[in-house]
Amino acid sequence: MGSPPKKTALQLYLSQLQQHPLRTKAITAGVLSGVSDVVSQKLSGIQKIQLRRVLLKVIFAGGFLGPAGHFFHTILDKIFQGKKDTKTVAKKVIVEQLTLSPLNHLLFMIYYGVVIERTPWNLVRDRIKKTYPTVQLTAWTFFPLVGWINYKYVPLHFRVILHSLVAFFWGIFLTLRARSTTLALAKAK
């Protein structure tokens, strides 16, 4: 008798997701956010990767976004008893888009300005007043579709993973937007 076949990376990941869902989702969100930031730094023309910034984005996603998504989706599924009919899915999307989505974007913008960029609060507040509505309205143009797919077709334990994958690209967009706004504000003063 030989030893059991070795598990693939995907099998190991799925096993961790089943055994330790919160930890696995937090780590996944953090890693994807870090990679997203490396990509966004390169796209914005930064020559040398700012490791502090990458680490701080990993901490934000792993410490807040992944766990918040995990608990939000779990609670939402309990409230709606796991139903996937059209009316229930629409309600879940509306609840998500009016609660977690605006909160995530607002907290990201505050964190990015105050912690990552070390910008004084008054300038961060001014930037948020100027750009937050546009960021949130832009999010509402496609995140409801992501939510619809997530609630209609994706099992509960994969929902944060799908959001983290979409957030990979969304994070690039937000980072490039925040960076261009910072540069514009700096030039105006």
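Computed from a predicted structure; not experimentally measured. Only this structure's heavy atoms are used, side chains among them; waters, hydrogens and symmetry mates stay out.
Looking at Ser15 and Gln11, their side chains never bring a donor and an acceptor atom within 3.5 Å of each other. Tyr151 and Thr88 are not linked by any side-chain donor-acceptor pair at a separation below 3.5 angstrom, with hydrogens and angles left out of the test. A donor-acceptor pair shorter than 3.5 Å can be found between the side chains of Ser101 and Gln136.
A single hydrophobic cluster is seen to contain both Val114 and Leu103, as judged by linkage of ILVMFWY side chains at heavy-atom distances under 4.5 Å, directly or through other members.
Here the side chain of Arg159 pairs a donor or acceptor atom with the backbone of Val154 at under 3.5 angstrom.
Atoms CD1 and CZ, on Ile128 and Phe108 in that order, are 11.0 Å from each other to the nearest 0.5 Å. For the atom pair CG of Asn104 and CG of Leu65, the computed distance is 5.0 Å after rounding to the nearest 0.5 Å.
Annotation: Trp148 is not in aromatic contact with Tyr153 [ring centroid separation under 6.0 Å not met]. Remark: aromatic rings of His163 and His73 are close, center separation under 6.0 Å.
Ion pairing between Arg127 and Glu117 holds under the 4.0 Å rule for side-chain N and carboxylate O.
Checking Leu43, Asp37, Val38, Val35 one by one against Ile172, the side-chain contact (heavy atoms from CB on, under 4.5 Å) holds for a single residue, Leu43.
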Any chance you could lay out the ring-ring contact (aromatic ring centres under 6.0 Å, His included) test for Trp140 and His105, step after step, and finish with the verdict? CA-CA 11 Å; Trp140 283 333; His105 293 118; 8.8 Å; no
